[in-house]
2 protein chains.
Amino acid sequence: MPLSSHADSILGAVRVYPDKTPIYHQGDTAMRIFRVNSGVVMTFRLLEDSRRQITGFCTEGEFFGLSPDGEYKDGAVTVTSAGVQSISIAALESDPVLSAKLLAHSWRKVEDTQSLMMTLTKTSSEARVAAFLVMLAERRGRRDGHEDSAPIQVGLPMSRLDIADYLGLSRETVSRRLTDLQELGLIDLPDIHTACITQFDGLRRRAGLMAAA
Amino acid sequence: MPLSSHADSILGAVRVYPDKTPIYHQGDTAMRIFRVNSGVVMTFRLLEDSRRQITGFCTEGEFFGLSPDGEYKDGAVTVTSAGVQSISIAALESDPVLSAKLLAHSWRKVEDTQSLMMTLTKTSSEARVAAFLVMLAERRGRRDGHEDSAPIQVGLPMSRLDIADYLGLSRETVSRRLTDLQELGLIDLPDIHTACITQFDGLRRRAGLMAAA
DNA sequence: CGTCACGTTGAAGCCTCTCAAAACAGGTGG
DNA sequence: CCACCTGTTTTGAGAGGCTTCAACGTGACG
């Protein structure tokens with residue numbers, strides 16, 4: 001097998017999934033953990049009455065499929081076409097380097113989830129939508145370097161309903177707040193799956209959520 | 001049982017804090033991680049306008065103070081008098097057993113946080129309060145064995161505002177829903193800091209949130 | 001006994017959801 | 001290329017639930 005780096009080698013080959021393809025289902029026996037190599041994968045929880053909470057949109061470098069007790073508590077589906085690597089949980093135990101990496105990643109995930117919870121419980125629908133766009137922009141900025149005060153273009157490959165189920169809103173409200181932000185001159189929506197942030201700082205102020213101390 | 005097991009020894013001596021005592025503050029440099037030995041510790045995040053989200057009520061055996069990048073993103077305060085053990089992050093790296101334990105704990109924490117998020121975004125105020133009581137009862141049941149259909153008494157050492165900031169509600173709403181549940185005959189409130197669950201299954205049904213699949 | 005923090009209860013207002021319909025996009029077959 | 005169909009997005013109107021503001025009750029402590 002061709003190996004380029006140590007981390008890659010233990011994680012195995014990249015498998016490419018088309019968009020909207022399930023990777024595993026909620027309730028499946030958890031055998032492997034996954035890492036996004038390219039594209040976007042979303043994880044979500046379903047309730048019996050088909051209510052849904054999207055727990056994360058994972059992009060390059062993020063792990064998913066972590067399960068504490070051998071059963072996936074969420075499902076995972078590709079949003080776009082995506083490259084995914086995986087490793088069996090059994091093999092993981094014999095790799096202290098990857099284990100340490102996963103531990104750090106897990107803590108960050110807890111932080112992120114708690115931040116999201118904060119957003120969902122403490123802010124208005126407008127602030128949530130703004131925060132969502134800011135999150136996407138900052139995530140993109142981690143890869144590409146971004147200049148302040150320049151328009152930032154972010155992709156919205158997921159549906160409005162996906163965004164709604166992530167933010168704990170209805171799709172109608174997501175739609176309304178997006179047009180509101182556009183009318184405020186903070187963003188531009190050239191097409192359904194693209195948002196162009198024209199005033200990043202203004203958008204960020206709308207998102208609220210500056211930590212104290 | 002006196003502290004003699006392996007996990008205890010590496011974690012160091014138990015330090016006892018009085019109630020309402022801060023253990024660390026949001027923004028502090030993270031040097032140690034903690035484990036609750038007895039009592040209740042709550043972790044919370046503050047925003048600049050003093051909005052607050054309580055991210056967890058930790059009881060016996062739970063870890064807190066995990067930080068991905070050397071800075072605590074939340075604060076921690078004792079709710080009741082509590083015994084707490086700790087270990088420096090540096091020392092942790094040389095202990096693969098505790099590391100593995102922490103990894104499992106971290107995954108469970110992600111699951112719990114996501115469940116909580118589900119509760120906060122998808123359910124009514126009544127369901128949230130019911131879910132909170134169910135959570136406390138089940139947590140207690142993990143220690144003591146509990147018989148079905150017998151009244152379960154749970155302590156509510158935290159204030160109504162604490163509960164509200166945990167559930168993303170106002171303290172008035174928490175108060176209202178508690179009396180509602182009492183009038184429905186599902187619980188009894190002999191005093192402010194005690195709830196007696198008289199119909200556990202009924203309460204659980206009110207809490208909603210049965211996972212699909 | 002007074003004070004102060006917390007808890008409960010009541011009334012009004014706002015935000016988001018729900019229901020409903022129209023505009024729009026993507027895909028298929030004629 | 002167009003007509004058509006299906007699913008998504010947008011926009012509108014009404015209803016409901018939670019918050020906010022306010023007052024009152026209660027328990028702890030000086």
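Numbers restart at 1 for each chain; the letters A, B, ... are given by sequence-line order, proteins then strands. None of these values were measured; they are calculated from a predicted model.
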More 5' along DNA chain C: A:Thr123 or B:Ser175, using each one's nearest nucleotide? B:Ser175
Does B:Asp112 pair with A:Lys73 as a salt bridge, N-O distance under 4.0 Å? no
Choose from D:dT19, D:dC21, C:dC17 the nucleotide whose nearest atom is closest to any side-chain atom of B:Ser170. D:dT19
Ring geometry between A:His105 and A:Phe63 (parallel below 30°, tilted from 30 to 60°, perpendicular above 60°): perpendicular
Closest to the side chain of B:Glu172, out of D:dC18, C:dC17, D:dC21, is D:dC21
Separation of atom NZ in A:Lys20 from atom P in D:dT8, rounded to whole Å: 8 Å
If you measure from the Lys or Arg side-chain nitrogens to the Asp or Glu carboxylate oxygens, is any gap between A:Arg45 and B:Glu111 under 4.0 Å? yes
Given D:dT11, is OP1 or OP2 found less than 4.0 Å from the side-chain N or O atoms of A:Thr179? yes
Rounded to whole Å, NZ of A:Lys122 lies from P of C:dC15 at a distance of 17 Å
Between C:dT8 (P) and B:Ile192 (CD1): distance, integer Å: 5 Å
D:dC18 phosphate, OP1 or OP2: any side-chain N/O from B:Thr173 under 4.0 angstrom? no
Base, sugar-phosphate, or nothing for B:Arg177, non-hydrogen atoms under 4.0 angstrom? sugar-phosphate
Under 4.0 Å, heavy atoms only, any strand: does A:Ser159 hit a base, just the sugar-phosphate, or nothing? sugar-phosphate
Indicate, yes or no, whether a donor-acceptor pair under 3.5 Å links the base of D:dT20 to the side chain of B:Arg176. yes
SB check B:Glu62 B:Arg108 (cutoff 4.0 Å): no
Winner on side-chain proximity to B:Arg160, out of D:dT19, C:dT8, C:dC17, is C:dT8
Can you check the B:Asp19 CG to C:dA5 P distance for me, whole Å? 17 Å
Per the atom types in the model, does the base of D:dC18 pair as donor or acceptor with the side chain of B:Glu126 at under 3.5 Å? no
Does A:Ser125 put a side-chain nitrogen or oxygen below 4.0 Å from OP1 or OP2 of C:dT16? yes
